[in-house]
Structures are given as structure tokens and as C-alpha cells.
Enquirer: 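Below is the structure I would like to discuss, written out as C-alpha cells.
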Number of protein chains: 2
Amino acid sequence: MDARILLVEDDPSIREVTAIGLGAAGFEITTAVDGVDALERFRAEPYDLILLDVMLPRLDGYEVARQVRRTSTVPIVMLTARADTMDVVVGLEAGADDYELRLGNLVIDVGGRTVTRDGTDIPLTRTEFDLLIELIRHAGQVLSRDVLLDRVWGYDYLGDSRLVDVAIQRLRSKVETDPATPELIQTVRGSGYKAVR
Amino acid sequence: MDARILLVEDDPSIREVTAIGLGAAGFEITTAVDGVDALERFRAEPYDLILLDVMLPRLDGYEVARQVRRTSTVPIVMLTARADTMDVVVGLEAGADDYELRLGNLVIDVGGRTVTRDGTDIPLTRTEFDLLIELIRHAGQVLSRDVLLDRVWGYDYLGDSRLVDVAIQRLRSKVETDPATPELIQTVRGSGYKAVR
DNA sequence: AGGGCCCGTGACAGAACGGTGACCCAAGCA
DNA sequence: TGCTTGGGTCACCGTTCTGTCACGGGCCCT
């Protein structure tokens, strides 16, 4: 289980010493010399940990971290050189809910509970949002009304399962470009609903 | 030559992700969930490095660092919030807590526990300040009333979660330019509150 | 082609939710 | 001791949400 580490450090001597040290300790090290280089390497293949200098040419460490966070929750450790030691390090949050889903031209920020299309916000109520998330999490799969009632409204919910239809309709009216011909959330007659994959 | 690391973080998702990442990177990780827990573990056995969240229940990161410093020169590293909200973060050498957060036109000096707008001081009470920090640490993310009660009031707090609403209102009345139309701290109906990103 | 079932949709009323002012107790302080 | 401040609780109210119903159109099967 070799951990793959991306080391981003512009100072050649620090970079080499650290790389050699970590390499000898059994890690698989890739090095990048500046922020742009780091992003390119990160996009090219996955890493288990990023060691990131704050002061970097072209793109500083904070900006690199910000861009990495758009698509990944990989642990990032920020390194800041100090006069005497290297003991200043800043860990960055890798919040579990800090990610975005996609459905067609919609972007869903799960943690922030927002939905946007082309950058403009589409306000949804809590039920609508939860329903949308449930559909997207199982995109391509048909979810029956009973299953949706279970998962969105709670397992103990007793009521008219037509409620789901109404909720779907309300969701579509906000989310579909043309609610009359839904493209994102499809009805599967006799079975339920599904989000397109 | 495994480095022993004490990771102190109350947020379970951050704690686990970081622990797994660093564990995979070959470090020996011990975790603590709050300040008191951290001091107990530190007194029990030695560590080579302490990763310390600033905002902690029971005893905040600064106080933990201060107490550790009485008996040890172990490197202490402060963990902060998200990459995308972080302005300046400074590691703690010997109690030099001087970093600032930002929210709209507010500047928050975490160490000094002051909030200023355009250079003028906005006095906040302790609860208001802690609440503000917690929201800013997760800017853009919706925090439920329960989570806020956990993190701001302490996880053992049992009480009316409407308390959060009142605290938010009091905070807004001091911090928002127009409290009637909040721009910095938004209500997400049915879910909770969030600070704008 | 006809009938039955399924689903979309508009309307409505009750429920849920959150903002807010008020009250009061406890802690801190002079 | 008496005053001040912070903060937890409560009640009220306007707004928003949402569960239900009824109607009608369309799809499928025979």
C-alpha cells in the first residue's frame, strides 16, 4: 500500500531532500515545481496526499488548494517555511459534504444546498432539494414512489403516494427547462421516476 | 522512524479523512475530539507533532497550545478551516495567535476576538463570536441547528434548538448592515444557516 | 376503438417554519 | 448588596411550504 504523494515545492534543495527522504520511507513521490505544474499533475492522476508549499511561482498554494477542492477531497497539507524550522503547517478541511453533483446543465452544491444553472441560482424548498438529491444519487435507476417516500419523507411516513407525483411536478417546474417535456427527471410509467444519467 | 502525530479535531468527517490520509502516509495517528481530551492524551504519552484545530469544544486550540507549551516544545500546527475561506493562517510558535478571517466587509481577528467593519470595532459577546467563527469556517455550507448547538454550545448541550435562531438574530443585528435583509448570514429554510462564501 | 389506469396539474387549507420582542435568571462586577 | 450584561426560554405572528383532492388528458391493453 504505497501512498502516492504529490509534493509541490519550488525550492530545488528542499524539494529534493524531502522527496528523497519520503521516497526512502517508501512513499511514491511526484514533485511539482509551481502551482500550474501541480494542478496539471493532479489532474493527470490521483494522489493520496498533497504536500503544498504556500509560496509558489505562478499560482500560490492557497489557489492551488482551492482549485483542487473543486473536484477532490484529498488531504492537503500546507507547508510554510519558517526561519528556524518547518513546523508551520496548515491542514485543510476535506468536508464530506463539500462537493458538487451534476444533472444535465444543473450544478448541485450538496453542502450549501444550492442548485444553479449557468451560474444562476434556482431556489428549491427542502423537500424538493432532498428529492432531487435522491434521484441524482441513483441516476439512471428507477425509484418507485414507495422508495422515494421512504427515503425522502422518512420510513414511517403514511400517506398518499400521489404526494410524490406532486412533489416531482413542483421540482420539475423549477428545474426543467421545459417542464412540459421533462428531460432531467423522467417518468417511468407504472414504476416511478428516474434522473437521467 | 514513524512520526507520532496527535490530531485534535472535533468535526468527525475532517478528523477521519485527515487521519486516514496521514495514516496512509505512514504516520502513527492518535485522535482527540476536544481540548480536554487532547491534553489528557498529550500528558499520557509523547508525540512528535500536534495537529490542532483552532475551534474546539470545551477548550479551544489556543488554550490547548498554551498549556502544552508549559511543558513541551513539540511542534504545534494549527488546523484551520476551508481553503476557500481562509485568508491568513499562522502556525502557533508560542502563543502568537494572530490570524484574520473575512466575511463580506467584516474582518475577524480570531486571536484578538474582535470584529471590525471599515476599521470600526463591532463588539460581540462570546457566544456571538463563536457562532460567527463557526459559520465562517464553513462558509457556503449549510449548518443545521443541531450541528451549531454541538459545536458552539458544546455537544452535551440539551435544550431548545430555537436558541440558535435567537442567537443568529442577535448576531445579525450587530453584524449585518441591514438586519432585515441579511447578506452575510443566510437562512436556509428547513435546514439551517450558512455564511456566504 | 373503447375503457381503465396512470399521471400531470391547479387549487386550497392547514401545518411548519423562522423572525422577533419580551421576560427573567444567573454571573460578573463595583 | 445592587446594578449591568449575557443568554436561555417563550409566545406571537406573518410567510412559506406541503399534503390532499379533484379534474382531465394521455397511454396502454384488449
Side-chain angles (χ1 to χ4, degrees), chain A residues 113 115 121-132 134-135 142-194, chain B residues 113 115 121-135 142-195:
Chain A
R113 296 186 71 86
V115 177
D121 192 63
I122 301 177
L124 296 185
T125 69
R126 179 173 56 152
T127 305
E128 288 159 2
F129 189 85
D130 291 345
L131 178 57
L132 179 63
E134 189 59 33
L135 289 167
V142 178
L143 299 178
S144 72
R145 288 169 179 73
D146 281 348
V147 165
L148 289 172
L149 278 176
D150 255 26
R151 298 192 189 160
V152 178
W153 281 264
Y155 56 83
D156 53 351
Y157 181 83
L158 296 173
D160 190 355
S161 74
R162 292 300 310 280
L163 164 59
V164 176
D165 299 43
V166 179
I168 289 280
Q169 183 233 338
R170 286 169 176 159
L171 177 57
R172 278 177 175 158
S173 73
K174 296 184 182 180
V175 147
E176 295 279 357
T177 317
D178 175 16
T181 58
E183 293 180 349
L184 302 176
I185 301 168
Q186 295 176 343
T187 304
V188 181
R189 192 184 170 80
S191 302
Y193 297 92
K194 68 173 177 181
Chain B
R113 296 185 70 86
V115 177
D121 192 62
I122 301 178
L124 295 185
T125 69
R126 188 173 74 97
T127 303
E128 287 159 2
F129 189 85
D130 290 346
L131 178 57
L132 179 62
I133 294 298
E134 188 58 31
L135 288 167
V142 176
L143 299 178
S144 71
R145 288 169 179 72
D146 282 349
V147 164
L148 289 172
L149 278 175
D150 255 26
R151 298 192 190 160
V152 177
W153 281 264
Y155 47 69
D156 52 352
Y157 181 84
L158 296 175
D160 190 357
S161 74
R162 292 300 308 278
L163 164 59
V164 177
D165 300 45
V166 178
I168 289 280
Q169 184 227 342
R170 287 170 175 157
L171 176 57
R172 278 177 175 158
S173 73
K174 296 184 181 179
V175 147
E176 296 279 356
T177 315
D178 174 17
T181 59
E183 293 181 349
L184 303 176
I185 301 168
Q186 296 177 341
T187 303
V188 180
R189 189 178 228 272
S191 300
Y193 297 92
K194 68 175 175 181

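As the structure is a prediction and not an experimental result, all values here were calculated from the model. Just so it is clear: chains get the letters A, B, ... in the order the sequence lines come, proteins before strands, and each one is counted from 1. Below, all heavy atoms of this structure are taken into account, side chains as well, without hydrogens, waters or symmetry copies.
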Enquirer: Take the protein atom CG of B/Leu124 and the nucleotide atom C1' of D/dT5, then report the distance between them rounded to whole Å.
Expert: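 In whole Å, D/dT5 C1' and B/Leu124 CG are 15 Å from each other.
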Enquirer: Sugar-phosphate atoms are those with a prime plus P, OP1 and OP2; base atoms are the rest. Using that split, label each nucleotide of nucleotides 24-30 of chain C B, S or - for protein heavy atoms under 4.0 Å, 5' to 3'.
Expert: -------
Enquirer: Once rounded to the nearest 0.5 Å, what's the spacing between atom CD of B/Glu128 and atom CD1 of B/Ile133?
Expert: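 Here the rounded value is 12.5 Å.
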Enquirer: Return the polar atom pairs (N/O with N/O) between nucleotides 17-21 of chain C and the protein under 3.5 Å, or none.
Expert:
unit_1, atom_1, unit_2, atom_2, d
C/dC17, OP1, A/Arg126, NH2, 3.2
C/dC17, O2, B/Arg189, NH2, 3.2
C/dG18, OP1, B/Gly190, N, 2.6
C/dG18, OP2, B/Arg145, NH2, 3.2
C/dG18, O5', B/Arg145, NH2, 3.2
C/dG18, N7, B/Arg162, NH1, 3.4
C/dG19, OP1, B/Arg172, NH1, 3.0
C/dG19, OP1, B/Thr187, OG1, 2.5
C/dG19, OP2, B/Tyr193, OH, 2.6
C/dG19, N7, B/Arg162, NH2, 2.9
C/dG19, O6, B/Arg162, NH2, 3.0

Enquirer: Between the two end axes of the helix from C/dA1-D/dT30 to C/dA30-D/dT1, each built from 5 base pairs, what angle do you get to the nearest 10°?
Expert: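 So the angle between the two local helix axes works out to 30°.
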Enquirer: Could you check if a side-chain atom of A/Leu184 sits within less than 4.5 angstrom of a side-chain atom of A/Leu135, using non-hydrogen atoms only?
Expert: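 No. Closest side-chain heavy atoms not under 4.5 Å.
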Enquirer: Should B/Thr125 be listed as having a side-chain N or O under 4.0 Å from OP1 or OP2 of D/dG6?
Expert: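 No, outside the criterion.
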Enquirer: List for me each residue that meets side chain to side chain donor-acceptor pair (under 3.5 Å) alongside A/Asp178, sequence neighbours excluded, and say none if there are none.
Expert: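 Partners of A/Asp178 under the side chain to side chain donor-acceptor pair (under 3.5 Å) test: A/Thr181.
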Enquirer: Taking CG from A/Leu163 and C1' from C/dC12, how many angstroms apart are they, rounded to a whole number?
Expert: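 For the pair A/Leu163 CG and C/dC12 C1', the rounded distance is 16 Å.
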Enquirer: Would you mind reading off the distance between B/Arg170 atom CZ and C/dC23 atom P, rounded to a whole angstrom?
Expert: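 Answer to the nearest Å: 14 Å.
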Enquirer: Report the distance from atom CD of A/Gln186 to atom P of C/dC7, rounded to the nearest whole Å.
Expert: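 Whole-Å distance recorded here is 14 Å.
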Enquirer: Is the shortest heavy-atom distance from the side chain of B/Thr187 to the side chain of B/Pro182 under 4.5 Å?
Expert: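 A side-chain contact under 4.5 Å is absent here.
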Enquirer: Heavy atoms only: give me the nearest B/Leu124-B/Val175 pair and the separation to one decimal.
Expert: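 So the two residues come closest at CD2-CG2, 4.2 Å.
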Enquirer: What distance do A/Asp165 atom CG and A/Arg172 atom CZ have between them, rounded to the nearest 0.5 Å?
Expert: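 So the CG of A/Asp165 and the CZ of A/Arg172 are separated by 9.0 Å.
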Enquirer: In whole angstroms, how far is the C1' atom of D/dG7 from the CZ atom of B/Phe129?
Expert: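 Atom-to-atom, B/Phe129 to D/dG7, this comes out as 18 Å.
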Enquirer: Taking atom CD of A/Glu134 and atom CH2 of A/Trp153, what is their separation to the nearest 0.5 Å?
Expert: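 One gets 10.0 Å once the value is rounded to the nearest 0.5 Å.
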Enquirer: In terms of heavy-atom contacts, does CD of A/Glu176 have more than 12 from other residues, nucleotides or ligands at under 6.0 Å?
Expert: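 Check passes, neighbour count above 12.
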Enquirer: Using the test side-chain contact (heavy atoms from CB on, under 4.5 Å), find all partners of A/Gln186 that sit at least two apart in sequence or belong to another chain.
Expert: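 Counting only residues at least two positions away or on another chain, A/Gln186 forms a side-chain contact (heavy atoms from CB on, under 4.5 Å) with A/Lys194, A/Val196.
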Enquirer: Whether A/Trp153 contacts D/dG19 is assessed here as follows: a side-chain N or O lying under 4.0 Å from the phosphate OP1 or OP2. Is that the case?
Expert: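 Yes, within the criterion.
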Enquirer: Listed by chain and number, what are the side-chain contact (heavy atoms from CB on, under 4.5 Å) partners of A/Arg189, not counting sequence neighbours?
Expert: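 Per chain and number, A/Arg189 pairs via side-chain contact (heavy atoms from CB on, under 4.5 Å) with no residue.
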Enquirer: Do B/Arg151 and B/Leu143 have side chains that get closer than 4.5 Å, going by heavy atoms?
Expert: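 Contact flag for B/Arg151/B/Leu143 side chains = yes.
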